[in-house]
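Keep in mind the model is a prediction, meaning the values are calculated, not measured. Atoms within a ligand are numbered from 1 in the order they appear, just like the ligands themselves.
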Amino acid sequence: MPTYDLVVIGTGPGGYVCAIRAAQLGMKVAVVEKDPTFGGTCLNVGCIPSKGLLYASELFEEAGHKFDKLGIGVSKPKLDLAAMMKFKDEGVEGNVKGVAFLFKKNKIDAYQGIGRIAAPGRVEVKTHDGKTEVLETKNIVIASGSDVARLKGMEIDEKRIVSSTGALVLGQVPEQLLIVGAGVIGLELGSVWRRLGAKVHVIEFLDRILPGMDSEVARQFQRILERQGMTFQLSSKVTAVDSSGAKLKVKVEPAAGGAAATLDADVVLVAIGRVPYVDGLGLKEAGVGLDNRGRVNVDHRYATSVPGIYAIGDAIAGPMLAHKAEDEGIAVAEIIAGHAGHVNYDVIPNVIYTYPEVASVGRTEEELRAAGVTYNVGKFPFTANGRAKANLQTEGFVKILADAKTDRVLGVHIIGADAGNMIAEAAVAMEFGAAAEDIARTCHPHPTFTEAVKEAALAVDKRAIHM
Ligand SMILES: Cc1cc2nc3c(=O)[nH]c(=O)nc-3n(C[C@H](O)[C@H](O)[C@H](O)COP(=O)(O)OP(=O)(O)OC[C@H]3O[C@@H](n4cnc5c(N)ncnc54)[C@H](O)[C@@H]3O)c2cc1C
């Protein structure tokens, strides 16, 4: 029977990064993956394919609407959706092959099949040809990730009623795309299909988009998306979809109850969030406890209720983000090896890869007010940033929230063309406990969008230069 120091179940960003770090630390490691390719949700049906389509559709829109303003004459761009999907698939393929290469390079054994914890120290792998292999191991890390959340009475067929997975492979641009849920995934995929020609209507149960994000950012972002042509129906819920006719008939009611209306759609995207995935792992029999939302219960060392069994990523509490899963993968490998791995949950950036992008790290104004923290706000709009003006990319702003007494940066929120890259500077600053003054006194290259971060830091002390 093969014997290991560590068996990782699941090869998403949590699992594969954990396996590599453990191998670096000298452990004998195996991974178990039930899907045909490595990389989990993120690489196969999440971050990577969605960013491929966001990139291609953004250029398609720019070619049609912006190039002429830059003096580039092109005829009206024609969409070749099959070729665009192929481009996206090649990006996925390159990434999943990369993970397979890294497993080989780090001498990690990869088992293809469904992993089940038969007992502490024992993982059973059921391969797709029906065979079972048993692995003996000192430690097990559960990195089984998440699955799409479903709505009662609304069967996802991945053709007309789709989850994010189906929305990444539509064979044609729907005339009318109705999205249930104004969260990150709905707005990203909504942007893709709107740019490619769909009429996109978003229904959201709450009275705002992007719950949990800074509300000023969310309001401005909604206005920008509306200007782009997306429409929103807030405080509303979808209660049924009739798929018997050529058009889907979608029943929508006010969230608080009341008269229902029926809307037509060609495709409905259910994007109401994700739920932890722990099916088939045998957790109950193994004695591994779950919380009331079905997530694996762990302590601050990612240890479950059973010695030698750990869990990370989307399968445990916390934001369902690839980089959070990766950092937990590194931390748990280091903890198992006897080192002091940890993740700072106060500094986990969050990015929406639309145009403009939205990015944040740390606390929102609402959270600071609720916690009774007094803070100063420094804000700087991209309309006053030289590079943004030169590029015709002036939408959005940088907002820095700093402690009123100590000036320590508590939160940074950005809407802007390159917000996703810019937020990394804020994360590093916060990780080092920077004050707004520290950012303000750091020389930023000119002309870049990052100067808006410096100016927002200056604005905390009411001394922005270009405003
Ligand atoms: C459309 C979309 C876009 C996204 N975009 C972003 C983004 O831009 N940035 C970001 O940070 N996050 C994004 N996410 C979220 C991100 O994909 C997840 O947070 C991340 O993949 C979680 O990593 P994980 O390792 O915990 O689990 P997963 O990536 O879900 O991987 C879990 C793996 O475990 C395997 N598995 C499960 N059970 C078993 C078993 N019993 N035996 C063997 N294998 C098993 C699964 O097959 C899977 O491969 C996106 C998600 C979606 C759906």
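When only modelled atom types and interatomic distance are considered, Q24 and R21 share a side-chain donor-acceptor pair under 3.5 Å.
Contact analysis puts A143 in contact with ligand 1, with a non-hydrogen atom separation below 4.0 angstrom.
Classified by interplanar angle (parallel below 30°, tilted 30° to 60°, perpendicular above 60°), the ring pair Y4/Y111 is perpendicular.
Taking the charged nitrogens against the carboxylate oxygens, D129 and K131 do have a contact shorter than 4.0 Å, which makes a salt bridge. Salt bridge K247/D266: present, at least one basic N to carboxylate O contact under 4.0 Å. A salt bridge is absent between K66 and E61: the closest approach of a Lys/Arg side-chain nitrogen to an acidic carboxylate oxygen does not fall below 4.0 angstrom.
Not a single N or O atom of Y277, backbone or side chain, sits closer than 3.5 Å to an N or O atom of ligand 1. In terms of N/O distances under 3.5 Å, ligand 1 is not approached by R274. For ligand 1, the polar-atom distance check finds no N/O of S164 at less than 3.5 Å from any of the ligand's N/O atoms.
The main-chain N or O of E188 is never found under 3.5 Å from a side-chain atom of T354 such that the two would form a donor-acceptor pair.
One option in S146, G115, G318, G280 has a heavy atom closer to atom 42 (N) of ligand 1 than any other, and that option is G115.
Among all protein heavy atoms, the one lying closest to atom 4 (C) of ligand 1 is C47 N, 3.4 Å. Nearest non-hydrogen protein atom to atom 44 (N) of ligand 1 is K34 N, 3.1 Å.
Proximity of F38 to ligand 1, defined as any heavy-atom pair under 4.0 Å, is not found for any part of the residue.
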